[in-house]
Amino acid sequence: MKILITGAGGQIGHDLIGALVAAGHHVVSTDLAPRPPSHAHAGGDWQRLDVTDAAAVQHMFTDERPELVYHLAAILSASGEANPRLAYDVNQTGTWNVLEAARRAKVKRLMFTSSIAVFGPPPSGPLPDPCPDDVALHPGTMYGATKVSGELLCSYYRKRYDIDCRGVRFPGLISAAMPGGGSSDYALFMYVDAVRKGSYEAFARADTRIPLMYMPDGVRALLELAFAEREKLSRTIYNIAAFSPRADEIATSVRRAIPDAQFTYVPDPVRQGILDSWPKAIDDAAARRDWSWKPSYTLDAMTDDLVPRVRRMLDLGAVLSH
Ligand code: AKB
């Protein structure tokens, strides 16, 4: 299949491109910046694309005529609170531009990456735990608000124009790759800093608990849902879940591999506020039923696989910032 990816230079693109190329697809990766050295291994073509530029998106889609689009381009929750206007432009206008270009270029299928950030505590009380697909959505961030809107636009384009839009609500994703401005990044940095410094001062409280997932499961979900039979899908967007540890439980797991690692917890008010507004765990029964979704990695299985990968990434000289 000819597959186009937007925002391919991010954390998901790092692993998704390689998985699609390995499966034999012709992949056109696009992003604002040239292919980063960290993505050099992945293969496929790379083209510059700014999703906020409607004409450029239209030209790209008309020239490339992809059969399937993975729309990953987004400003995440913490960066979005630092620059809400940018988050609106990239996430809201960018998604509109991508859907419009898909409609005009007669793209058959589009995969949307939503997030647990669509949830937030309703005025009536806390979110259900675990949180099902269909609760009233009260996101507290610009990122979450634009992801809700993206989900609704996907449903609209599916009904009105018969573009087969599908998507998942990702938990915080963890992988040996550069994260980019998310509030869930503390979980990845517990691994990265334990490897490179032997200690990490988390910007979240020790009892912070949010849904998390190891990237190989996340990428598999993106492949499995994209290629699931349409008749089996009862929804446009699905919750998917893996594990929901407290931050201090992640610390215990990291110490399986790095016994002397030290962790301290100094909450950052903005990012802690965002983390506290998200569900502690999510219910992914619909994804399990409709397309047989099932995560493979537990927290400890992720730790065992991830720590050597983080070591290799740091040996290769990756520059990571908080
Ligand atoms: C973030 O922290 O903003 C993202 C997400 C959970 O969508 N990783």
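Each ligand, and each atom within it, is numbered from 1 in the order the structure gives. Keep in mind that this is a model prediction, so the values were computed, not measured.
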Subject >> side-chain contact (heavy atoms from CB on, under 4.5 Å) partners of H14, counting only residues at least two apart >> reply: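 Only S38, H39, H41, A177 meet the side-chain contact (heavy atoms from CB on, under 4.5 Å) criterion with H14.
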Under 4.0 Å from any heavy atom of [X], which atoms of ligand 1 are there?
X: W278; value: 1 (C), 2 (O), 3 (O), 6 (C)
X: S115; value: 5 (C), 6 (C), 7 (O)
X: L76; value: 3 (O)
X: S183; value: 1 (C), 2 (O), 3 (O)

With distance as the sole criterion, is a donor-acceptor pair present between the side chains of [X] and [Y] under 3.5 Å?
X: T303; Y: Y191; result: yes
X: S175; Y: R309; result: no
X: T30; Y: T6; result: no

Subject >> Mode of S184 contact toward ligand 1 - side chain, backbone, both, neither (heavy atoms, under 4.0 Å) >> reply: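 Both parts.
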Subject >> D185-ligand 1 polar pair, N/O distance under 3.5 Å >> reply: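 No.
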Original post:
Hey, is D300 close enough to R256 for a salt bridge, meaning N to O under 4.0 Å?
Top reply: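 So D300 pairs with R256 through a salt bridge.
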Original post:
So which protein heavy atom does atom 3 (O) of ligand 1 come closest to, and at what separation?
Top reply: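 Atom 3 (O) of ligand 1 sits closest to the protein heavy atom S77 OG, 2.5 Å.
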Original post:
Restricting to pairs with a member in residues 215-250, which pass ring pair (Phe, Tyr, Trp, His ring centres under 6.0 Å), not counting sequence neighbours?
Top reply: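 Passing the test, one end in residues 215-250: H25-F227, Y238-W291.
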